[in-house]
Each structure stands twice: as structure tokens, then as C-alpha cells.
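Residue numbers start at 1 and run along the sequence shown. The model shown is predicted, which means the values in this text are computed figures rather than measured ones.
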Amino acid sequence: MMPKLEILDLKTYYFVGPSIIKAVNGVYLKVNSGECIGIAGESGCGKSTLALSILKLVRPPGFIVGGKILFNGTDIIPLSFNEMQKLRWRKIAMVFQGALNALNPVYTIEEQIVEAITTHMKYGKSEARRKAGELLELVGLSRANLRNYPHELSGGMRQRALIAMALSCDPELLIADEPTTALDVVTQAQILMLLKDLQRQRNLTLIVISHDLSILAQICDRIAIMYAGKIVEEANIRDIFYKPAHPYTYALINAFPSVKGPKKGLFALSGEPPDMSKLPSGCCFHPRCPKVQKICYEVEPKLIEIDKEHYVACHLYT
């Protein structure tokens with residue numbers, strides 16, 4: 001079966017003066033129809049740039065400089081601006097990080113959803129208003145909230161409204177970039193369950209981006225771990241949490257406290273992600289890796305399959 005989305009050796013660079021920031025530097029990723037995949041990693045590892053690249057929303061000085069993004073088998077990178085306009089919202093939609101910044105403060109929720117519907121679909125305004133009300137009810141809000149401006153809603157309500165807008169044109173693929181940022185724990189759980197329920201109801205293909213593995217564990221089928229612009233490990237939820245193969249994945253998991261089992265100290269990974277304009281030679285993780293070998297300084301590891309649908313880029317397995 002053809003994957004809904006397949007990314008092949010994608011490279012997105014930012015050209016800032018004499019520096020080249022390799023934010024996405026050779027990503028390979030496959031997302032099947034109807035599944036939910038999480039993308040995790042520390043801040044600065046390229047997760048949001050990857051999401052923007054999928055929609056071709058990277059703006060100068062950022063450019064997609066190589067690779068392919070296959071959506072339903074068609075490479076979208078060569079598509080023109082007008083062709084991409086037909087694809088966005090109708091086929092691929094995105095829930096951006098920070099609903100207050102993503103929503104326009106001078107328009108009501110209804111005006112913003114109606115504009116999205118009438119711009120991309122053959123709906124009249126009255127029909128679009130009716131659909132806007134149905135969408136708000138779908139995400140657990142009242143039709144009365146259509147008259148509200150974004151600042152009149154709570155953080156969780158704004159996030160629900162943003163999800164409603166993203167669903168307004170019935171997309172096949174939904175990308176949620178840090179959808180629970182700055183929300184309290186209870187509201188986080190509600191938003192995550194909402195996304196999961198919507199995925200099941202609509203057979204959505206869902207990509208959720210977060211630095212928090214505990215969030216992804218609640219709704220995702222698989223997780224891809226990103227470091228220094230690359231996918232360093234990808235596997236199903238169980239393998240990622242119980243059989244992590246890459247030292248970076250192991251460090252991320254052990255940095256979170258567990259509510260089960262005996263108390264234990266948390267593992268703190270030393271250092272920080274590399275400067276993306278001055279990447280180290282060989283494996284980019286070697287300056288922080290507790291299992292570094294001589295080859296790690298010289299040769300960049302390839303992403304290989306070490307078990308059924310469990311991929312890792314590490315010299316420990318070559």
C-alpha cells in the first residue's frame with residue numbers, strides 16, 4: 001500500500017550571511033494512511049522546520065535544497081505556488097504552535113473559519129457558517145463561541161478553535177506542531193484525546209510534533225526521534241519506550257520520571273544539540289554520546305532496520 005506521506009533525503013537550509021544552518025539535513029520518513037506518528041527531540045533539532053517543509057511554508061532565508069516529499073505518491077516540491085494553494089487546507093492542514101499567535105486577533109472565530117472554508121471549497125457564506133458551527137461542536141465548543149474573538153477564549157478553547165479551523169476543509173493529513181504548549185496538564189490531556197478521537201472518526205493521518213515523549217506516548221502509533229536535523233531512530237511506541245536503540249533515545253526516555261516501579265534518579269544528558277551551522281564530523285551526537293567509538297568521529301551512520309520496522313542510525317548496530 002502506498003504511504004500517505006514519504007520523505008526522502010529532505011534538506012532544508014537557512015542561508016544567514018556566510019552561515020548555512022542545516023535545520024533539516026537528510027530526513028527519511030514514511031507515514032501510512034490513517035496512522036499517527038510522533039516526531040520528538042530537543043528544541044533546535046529541526047522538528048518545526050520539517051513540518052513547515054511538508055507544507056512548503058519555509059520562507060527566505062530558508063529553502064528546501066534537496067530531497068523529495070511524496071504525498072499520495074506525488075512529489076510536492078516542484079509544485080507551483082498556485083498548485084500548493086490547492087493542496088494546503090484541502091489535503092494537508094496544520095495546527096500551529098501557540099493558538100493565540102496563529103489566530104488573527106481582529107476577526108471572530110466564525111470569520112476566520114468561514115474564510116478558510118470559502119477560500120478553499122465551493123461553499124457559500126451561509127453554508128460555511130453552518131459548517132463552522134458544526135466544527136466547533138465537533139471539537140467540544142459551543143456554537144456561541146463563533147462570535148468570540150481569540151482573546152476572549154481560554155488557552156484550551158483557542159486550541160480547539162484552531163483544530164476546528166484546520167479540519168474545516170476535510171484534510172487527509174493533519175500536522176500538529178506542539179499542540180499543547182503552555183496548556184495545563186488537564187487541558188493537555190483533553191486536547192490530546194480530542195486529536196486521537198478525530199483521527200479515528202475521520203481516518204486522519206496525523207503527525208504530532210513535541211519535545212515531550214510522554215505526550216506522544218498517549219496518542220501515537222510510532223515515534224521518530226530527531227537530532228541535528230536527522231531522524232536517528234524510528235519505531236513503534238512499545239519499542240521506543242522498552243527497547244530504545246539509540247543512546248539519544250535512551251537519554252530522552254530516562255530524563256522523564258515514571259509513576260510506576262521503584263524511585264530512581266533521573267538521567268541528565270550533558271551538553272546541548274550542536275550548532276546547525278557548524279555540525280561535527282561523523283555522527284552529530286558523538287560529542288554527547290556515552291557510548292562513542294572511534295568510528296563515530298569519522299563516519300556518519302546510516303538509518304538501518306535492526307528489527308521489524310525499527311530503524312536506527314548508530315554505529316553500535318553496523
Side-chain angles (χ1 to χ4, degrees), residues 4-5 33-34 36 51-52 54-57 71-72 74 76 79-181 183 187 190-208 219:
K4 177 63 64 179
L5 179 74
S33 181
C36 177
L52 292 173
I54 294 171
L55 281 163
K56 288 185 68 179
L57 288 175
F71 180 72
N72 288 333
T74 300
I76 68 174
L79 297 184
S80 67
F81 176 82
N82 288 336
E83 289 171 323
M84 280 304 300
Q85 285 290 81
K86 294 176 182 177
L87 194 69
R88 297 185 192 117
W89 292 88
R90 287 297 305 272
K91 299 294 183 179
I92 308 174
M94 185 167 175
V95 178
F96 291 93
Q97 183 175 348
L100 189 58
N101 295 325
L103 294 168
N104 193 319
V106 300
Y107 292 102
T108 64
I109 299 301
E110 180 181 54
E111 289 172 320
Q112 297 184 59
I113 297 177
V114 166
E115 182 185 13
I117 295 171
T118 55
T119 300
H120 297 278
M121 302 180 78
K122 295 179 180 179
Y123 277 54
K125 281 203 170 182
S126 60
E127 196 176 5
R129 289 192 188 99
R130 176 187 57 77
K131 185 171 184 179
E134 292 173 353
L135 286 166
L136 281 201
E137 289 180 343
L138 181 68
V139 299
L141 294 178
S142 165
R143 286 176 182 259
N145 294 127
L146 286 170
R147 297 189 295 272
N148 291 125
Y149 289 88
H151 71 273
E152 296 178 308
L153 302 178
S154 67
M157 293 170 75
R158 283 194 296 267
Q159 201 66 38
R160 288 172 184 267
L162 196 58
I163 292 169
M165 190 182 303
L167 295 173
S168 62
C169 298
D170 302 316
E172 298 174 18
L173 171 64
L174 180 65
I175 303 169
D177 185 9
E178 299 279 8
T180 59
T181 297
L183 300 179
T187 307
Q190 292 173 347
I191 295 297
L192 292 173
M193 290 306 103
L194 171 63
L195 285 171
K196 191 64 179 177
D197 289 343
L198 290 170
Q199 183 210 359
R200 291 172 181 147
Q201 292 170 19
R202 297 188 163 217
N203 195 34
L204 269 175
T205 304
L206 184 60
I207 298 175
V208 182
I219 62 171

Side chains of residues 116-123: which donor-acceptor partners sit under 3.5 Å, not counting sequence neighbours?
unit_1: Thr118; atom_1: OG1; unit_2: Val114; atom_2: O; d: 2.9
unit_1: Thr118; atom_1: OG1; unit_2: Glu115; atom_2: O; d: 3.4
unit_1: Thr119; atom_1: OG1; unit_2: Glu115; atom_2: O; d: 2.6

Tell me whether the count of non-hydrogen atoms from other residues, nucleotides or ligands lying under 6.0 Å of NZ in Lys91 goes above 12.
no
Kindly indicate whether the side chain of Met193, heavy atoms from C-beta on, has any atom under 4.5 Å from the side chain of Ile219.
yes
Which atoms form the tightest heavy-atom contact between Thr187 and Gly156, and what is the distance?
CG2-CA, 3.5 Å
Any sub-3.5 Å donor-acceptor pair from Ser80's side-chain atoms to Glu83's backbone N or O?
yes
Taking only residues two or more places apart in sequence, or in another chain, which ones meet Ser126 in a side-chain contact (heavy atoms from CB on, under 4.5 Å)?
none
Could you check whether any side-chain N or O of Gln159 sits under 3.5 Å from a backbone N or O of Pro179, counting only pairs where one atom can act as donor and the other as acceptor?
yes
Hey, are Glu127 and Arg130 close enough for a salt bridge, meaning a charged N less than 4.0 Å from a carboxylate O?
yes
Closest contact, heavy atoms only, Leu103 versus Pro150:
CB-CG, 3.8 Å
Non-hydrogen side-chain atoms of Glu172 and Arg90 separated by less than 4.5 Å:
no
Short side-chain to backbone donor-acceptor contact, Asn145 and Ser142, under 3.5 Å:
yes
Here the pair of heavy atoms bringing Tyr149 nearest to Pro105 is CD2-O, 3.7 Å
Could you go through Leu5 and Ile92, starting from their C-alpha distance and side-chain angles, then the distance that decides it, and tell me whether this counts as side chain to side chain contact (heavy atoms under 4.5 Å, CB included)?
CA-CA 10 Å; Leu5 179 74; Ile92 308 174; 5.5 Å; no
Atom CZ in Arg158, atom CG in Leu153: separation rounded to 0.5 Å?
7.0 Å
Rounded to the nearest 0.5 Å, the CG atom of Leu173 sits from the CG atom of Leu55 at a distance of 7.5 Å
Do you know the tightest heavy-atom contact between Ile76 and Ile54?
CD1-O, 2.9 Å
Checking side chain to side chain contact (heavy atoms under 4.5 Å, CB included) between Met94 and each of Ile207, Leu174, Ile175, which is the one that passes?
Ile175
Which value, rounded to the nearest 0.5 Å, describes the distance between Ile163 atom CD1 and Leu195 atom CG?
4.5 Å
Separation between CG of Leu135 and SG of Cys169, rounded to the nearest 0.5 Å
9.0 Å
Contact between Phe96 and Leu57 at the side-chain level, heavy atoms closer than 4.5 Å - yes or no?
yes
So, does Thr108 use its side chain to make a donor-acceptor pair with the main chain of Asn148 at under 3.5 Å?
no
Give the minimum heavy-atom separation between Ala161 and Leu141, together with the two atoms involved.
N-CD1, 3.9 Å
Mind checking the CZ-CD spacing from Arg160 to Gln190? Nearest 0.5 Å is all I need.
5.5 Å
Nearest-0.5 Å distance, CG of residue Asp197 to CG of residue Leu204
11.5 Å
Arg88 (side chain) donor-acceptor with Lys56 (main chain) under 3.5 angstrom
yes
Could you list the residues that satisfy side-chain hydrogen bond (donor to acceptor under 3.5 Å, both in side chains) with Asp170, not counting sequence neighbours?
Lys131, Arg202
Would you say Gln112's side chain and Tyr107's backbone share a donor-acceptor pair under 3.5 angstrom?
yes
So which heavy atom on Pro171 is nearest to which on Ala166, and how close?
CG-O, 3.5 Å
